[in-house]
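What follows is one structure encoded as structure tokens, with my remarks underneath.
In what follows, chains are A, B, ... by sequence order, proteins preceding strands, each numbered from 1. Below, all heavy atoms of this structure are taken into account, side chains as well, without hydrogens, waters or symmetry copies.
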Amino acid sequence: MLLSRRQFAVPFPPNSSSRSHASKKKSRRFHGGNQLIPLLESCKSIGQIPQLHALVIKAGQDRNPLVLFKMLRLCSKLSSMDYALRVFETILVPDVYHYTALLEGHVALASPRSAIELYFRMVGEQIRPDAIVIAYVLKACASVLALPDGRQVHCQVLKLDLGRERPIKMRLMELYARCAQFEDAKLVFGETPERDAVAATILVSSLSDHGLLEEARAVFDSVLDKDTVCWTAMIDGYVRNGLANAALDLFREMQRECVRPNEFTVVCILSACSQLGALELGRWVHSYVGKNNVRLNAFVGSALVDMYAKCGSLEEALVVFDEMEEKDVVTYNSMIAGLAMHGRSNEAVKVYEQMVRDGLRPTQLTFVGVLNACSHSGLVDVGFEVFESMAKDYELEPRIEHYGCMVDLLARVGRLEEAYEFAKGMRVEPDHVIWSALLSACKIHGHLSLGEKVAEILIDSEAADSGTFVLLSNVYSSFGKWKEAARIRANMRGKGILKEPGCSSIRVDNEIHEFLLGDIRHPRRKEIYMKLEDLNGVLRQEGFVPAKDVVLQDIEEEEKEWALAIHSERLAICFGLIATEPGTTLRIVKNLRVCSDCHSMIKIIAKVTGRRIVVRDRNRFHHFEDGSCSCGDYW
DNA sequence: CTAGGGTTAG
């Protein structure tokens with residue numbers, strides 16, 4: 001549920017100075033505020049706050065500390081902090097409870113800075129903090145990594161002798177662990193009951209956040225009685241550090257131990273599936289959700305949409321999306337990004353429009369998805385409209401990734417000079433990625449002079465990684481500038497930068513088969529290469545001319561070998577053709593982008609073999625069917 | 001105490 005600012009700004013009833021003529025008869029109905037409290041506790045809607053407040057005033061209860069506390073708490077609970085603050089300012093002598101009620105609201109609303117300030121204001125007023133406010137303020141400190149403030153609170157804890165309170169211990173651990181002060185965290189941990197699962201979970205997740213997985217695992221293994229949350233924290237640690245396979249192994253172990261997964265666990269596992277492109281397992285998790293009353297909330301649903309989209313089954317993503325009842329911003333963002341990834345740009349824009357109609361407020365990531373969709377299909381006008389509406393309608397300042405999409409959008413359709421001007425006029429400094437996008441478009445559209453200008457910027461920037469070098473070298477080769485191409489490669493070698501090897505994988509019978517460039521390690525290599533020969537013959541009959549011949553003149557011997565080697569996706573496809581039943585869809589995952597030569601080749605393979613071939617690229621999907629590709633050769 | 005969405009380049 002999303003509330004606009006307008007909904008927060010509810011009218012404020014007259015203050016106590018103007019209520020002196022309130023009816024004495026009516027106020028008797030709320031004797032001592034006793035009847036008011038249940039009303040304040042049961043209220044569920046922001047709109048009713050002013051009426052309740054008016055009742056409090058009429059009943060002459062606006063000096064009753066308990067009633068005021070409940071009032072503040074109600075405002076905090078309903079995220080109406082403006083109103084809460086105004087009530088707070090009317091309190092002559094606020095006590096710890098009043099401060100706590102406000103702090104609660106700030107912590108829940110993710111404005112921890114205000115919570116911390118408020119706490120120190122309270123201490124400044126000589127009000128003695130109790131264990132509960134301290135737990136709240138420590139949570140606030142932990143969430144914004146405010147270590148010095150947190151340490152100061154810790155000193156107060158020791159002075160007030162509250163160090164043995166369990167909630168405080170947990171928060172102190174969280175604070176120190178999140179701020180990477182693991183020695184301090186373990187000191188506090190040492191004081192907790194032996195192998196406390198909750199305390200261990202805090203450590204496990206903070207250690208993983210800092211990439212210290214082995215230490216996290218050691219803490220995890222030391223816990224005797226692990227609950228679902230503890231297991232999930234460790235699984236999540238693996239997923240967030242890119243170790244999806246380790247996460248899945250641990251998940252299987254969790255099931256062997258008969259610990260039931262909950263919504264959180266399922267979300268983590270789905271995220272692991274997305275990383276791996278593991279469609280079958282993802283489907284299994286989906287059916288598990290259905291059978292084991294795991295609630296299909298917005299989190300689970302969004303993770304499912306994301307998983308199906310990233311595993312290549314956009315249709316299933318759409319089914320989940322359409323059937324979901326609790327869609328939130330993230331759900332829409334996942335669907336939009338998924339459609340963009342599959343080149344279904346117009347639908348992505350439609351979902352965006354539907355989201356706005358449904359009253360949801362788009363976020364930065366929504367725009368990343370929509371603009372990305374536009375650049376994948378050359379929708380320049382829509383792209384600019386959406387880009388401009390970011391700031392105008394949603395007060396969102398475009399970030400470098402949004403500018404990146406725009407430069408890419410212009411450059412890919414061939415409006416290179418405009419793209420260049422756009423990049424120079426950005427409100428943020430363009431990075432090497434933006435220049436690379438532009439350079440790549442210069443190559444596609446054969447614009448040498450601009451390409452050289454951009455190449456110079458890239459070489460000077462020192463931010464170049466292996467991808468930039470490979471791109472530069474390819475650009476020079478495509479313009480026939482062999483010497484420059486060789487120089488770039490030498491430069492790259494000199495700096496000790498290695499090209500990331502192209503690698504494609506395909507899953508057959510529950511087993512992942514990986515192929516590198518010109519790979520000859522596979523046990524069925526003979527059949528694979530025979531199939532390739534066989535296809536090459538058919539392709540020639542279909543009139544397919546490999547583009548390589550053109551590029552081969554004038555390059556060094558070593559380069560030649562590299563250019564001649566067989567791209568990994570071809571090997572994966574040939575293996576798929578011989579290892580699966582005719583008619584089976586082939587799903588290939590590749591770590592780099594498909595080159596245009598392979599792209600044209602796969603189109604024909606799909607046609608002559610009657611197969612659907614789905615290729616997951618570095619950054620999008622290609623669906624090959626009957627001689628054409630879903631990207632319309634624009635990618 | 002644990003959870004979902006991420007651009008551009010090779």
Quiz item: How many Å lie between CD on A/E263 and P on B/dT2, as a whole number?
Solution: 16 Å
Exercise. Check every strand shown and say whether A/R412 touches a base, only sugar-phosphate, or nothing at a heavy-atom separation below 4.0 Å.
Key: sugar-phosphate
Quiz item: Between atom CD in A/E401 and atom C1' in B/dA9, what is the gap in whole Å?
Solution: 15 Å
Practice problem: Establish whether the base of B/dG6 is bridged to the side chain of A/N372 by a donor-acceptor pair shorter than 3.5 Å. | Solution: no
Quiz item: For the residue pair A/Y420 and A/W435, does the interplanar ring angle fall in the parallel (under 30°), tilted (30 to 60°) or perpendicular (over 60°) class?
Solution: tilted
Exercise. Give me the ring orientation class for A/Y288 and A/W284: parallel if the planes are under 30° apart, tilted from 30 to 60°, perpendicular past 60°.
Key: tilted
Self-check item: Rounded interatomic separation in angstrom, taking CE from A/M173 and C1' from B/dT2
Solution: 14 Å
Exercise. Counting heavy atoms from C-beta on, name the nucleotide in B/dG4, B/dC1, B/dT2 closest to the side chain of A/A298.
Key: B/dG4
Practice problem: Describe the nucleic acid contact of A/T363 in one word from base, sugar-phosphate, nothing, applying a heavy-atom distance below 4.0 Å. | Solution: base
Quiz item: What distance do A/L450 atom CG and A/L439 atom CG have between them, rounded to the nearest 0.5 Å?
Solution: 8.5 Å
Practice problem: Using a heavy-atom cut-off of under 4.0 Å over every strand shown, decide if A/L365 touches base, sugar-phosphate, or nothing. | Solution: base
Quiz item: Which is true for A/N297 with a 4.0 Å heavy-atom rule: it touches a base, it touches only sugar-phosphate, or it touches nothing?
Solution: base
Practice problem: With heavy atoms under 4.0 Å as the rule, sort A/T201 into base, sugar-phosphate or nothing. | Solution: base
Self-check item: Integer-rounded Å distance: B/dC1 P and A/Y176 OH
Solution: 18 Å
Quiz item: Which part of the nucleic acid does A/S375 contact within heavy-atom distance under 4.0 Å: base, sugar-phosphate only, or nothing?
Solution: nothing
Quiz item: For the atom pair CG (A/L145) and SG (A/C179), what is the distance rounded to the nearest 0.5 Å?
Solution: 4.5 Å
Practice problem: Take the protein atom CG of A/L339 and the nucleotide atom P of B/dG6, then report the distance between them rounded to whole Å. | Solution: 13 Å
Quiz item: Quick one: is A/K443 getting a side-chain N or O under 4.0 Å of the B/dA9 phosphate, OP1 or OP2?
Solution: no
Quiz item: Of the candidate nucleotides B/dG4, B/dC1, B/dT8, which contains the atom at the shortest distance from the side chain of A/V433?
Solution: B/dT8
Quiz prompt | Aromatic ring pairing A/H210/A/F182, orientation class (parallel under 30°, perpendicular over 60°, tilted between) | solution = perpendicular
Self-check item: Proximity to the side chain of A/C405 - top-ranked nucleotide from B/dC1, B/dT7, B/dG4
Solution: B/dT7
Self-check item: Partners meeting salt bridge (charged side-chain N to carboxylate O under 4.0 Å, His left out) with A/R487 (sequence neighbours left out)
Solution: none
Quiz item: B/dT7 phosphate, OP1 or OP2: any side-chain N/O from A/R620 under 4.0 angstrom?
Solution: no
Quiz item: OP1 or OP2 of B/dT8 sitting under 4.0 Å from any side-chain N/O of A/N619?
Solution: yes
Quiz item: Could you state the CG-C1' distance from A/D209 to B/dA3, rounded to the nearest angstrom?
Solution: 13 Å
Quiz item: Taking only residues two or more places apart in sequence, or in another chain, which ones meet A/S313 in a side chain to side chain donor-acceptor pair (under 3.5 Å)?
Solution: A/E316
Quiz item: Is any side-chain N or O of A/R593 closer than 4.0 Å to OP1 or OP2 of B/dT8?
Solution: no
Quiz item: Once you round it to whole Å, what is the distance between P of B/dG6 and CD1 of A/I336?
Solution: 12 Å
Exercise. Using a 4.0 Å heavy-atom cut-off across all strands, classify A/V368 as base, sugar-phosphate, or nothing.
Key: sugar-phosphate
Practice problem: Mind calculating the distance between NE2 (A/H376) and P (B/dG6) to the nearest angstrom? | Solution: 13 Å
Practice problem: For A/A200, report the nucleic acid contact type (base, sugar-phosphate, nothing); a contact means any heavy atom under 4.0 Å. | Solution: nothing
Exercise. Classify the nucleic acid contact of A/R178 as base, sugar-phosphate or nothing, counting any heavy atom under 4.0 Å across all strands shown.
Key: nothing
Practice problem: Could you check whether A/S436 gets within reach of a base, just the sugar-phosphate, or nothing at all, counting any heavy atom under 4.0 Å? | Solution: sugar-phosphate
Quiz item: Of the nucleotides B/dG6, B/dC1, B/dT8, which one has an atom closest to the side chain of A/D306?
Solution: B/dG6
Self-check item: Distance test, side-chain N/O of A/R399 to OP1/OP2 of B/dT7, below 4.0 Å
Solution: no
Quiz item: If you check the A/L471 side chain, which of B/dA9, B/dA3, B/dT7 turns out closest?
Solution: B/dA9
